[in-house]
Amino acid sequence: MTQTAPETALPDFPAEIEADPREIPYDREQLLRFYSAMRLARTFEEKLAALYRQGRIFGAVYLGMGQEATSVGSISLLEKGDLFSTVSRNLSAWFYKGVEPGHVFA
């Protein structure tokens, strides 16, 4: 006889999230910095994937396409002097912090 786990009640969430984009606490410069890091990471990884498919990169390639905002959002909340480390799929965090693509590729 197998036992089943008890059902877990989920919290109630609103049918839709009400947010006014005019209330975003970031200025245009900060938003462009977010976007720049995310776009650079996506472009970099697209090139990385192409090189891997061509057989010009050996070993494993872990792509984080679609996860750029999570990395940038998290890293943007760190304060001066905070340390961070990533495992994989977080290139946008490194680019947001100013690491050059050439250093990542090397």
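Just the heavy atoms: all of them, side chains too, but no hydrogens, waters or symmetry mates, feed the values below. In this text the structure is predicted, and so the values were computed from the model without any measurement.
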Report the distance from atom CG of Asp82 to atom NZ of Lys80, rounding to the nearest 0.5 Å. 12.0 Å
Could you check whether atom CD of Gln54 has more than 12 heavy atoms from other residues, nucleotides or ligands sitting under 6.0 Å from it? yes
Atom pair CZ/CG of Phe84 and Leu78 - distance to nearest 0.5 Å: 7.5 Å
Applying side-chain hydrogen bond (donor to acceptor under 3.5 Å, both in side chains), name anything that partners Arg42, two or more places apart in sequence or on another chain. Glu68
Spell out, yes or no, whether Leu63 and Phe58 are grouped together once hydrophobic residues are joined by side-chain heavy atoms under 4.5 Å, including indirect joins. no
Output side-chain donor-acceptor pairs under 3.5 Å for residues 44-52, partner residues at least two apart or in another chain, one line each.
from  : atom 1 : to    : atom 2 : distance (Å)
Glu45 : OE1    : Gly64 : N      : 2.8
Glu45 : OE1    : Met65 : N      : 3.1
Glu45 : OE2    : Gly64 : N      : 3.2

Suppose we screen for side-chain hydrogen bond (donor to acceptor under 3.5 Å, both in side chains). Which residues come up paired with Thr86, at least two apart in sequence or across chains? Trp94
For residues 92-106, the salt bridge (Lys or Arg N to Asp or Glu O under 4.0 Å) pairs (sequence neighbours left out) are none
Can you sort out the partners of Tyr62 under ring-ring contact (aromatic ring centres under 6.0 Å, His included), two or more places apart, ordered by chain and number? none
Exercise answer: donor-acceptor pairs, residues 32-40 side-chain atoms, under 3.5 Å, sequence neighbours excluded:
from  : atom 1 : to    : atom 2 : distance (Å)
Arg33 : NH1    : Tyr96 : OH     : 3.3
Arg33 : NH2    : Tyr96 : O      : 2.9
Arg39 : NE     : Thr43 : OG1    : 3.3
Arg39 : NH2    : Thr43 : OG1    : 3.2

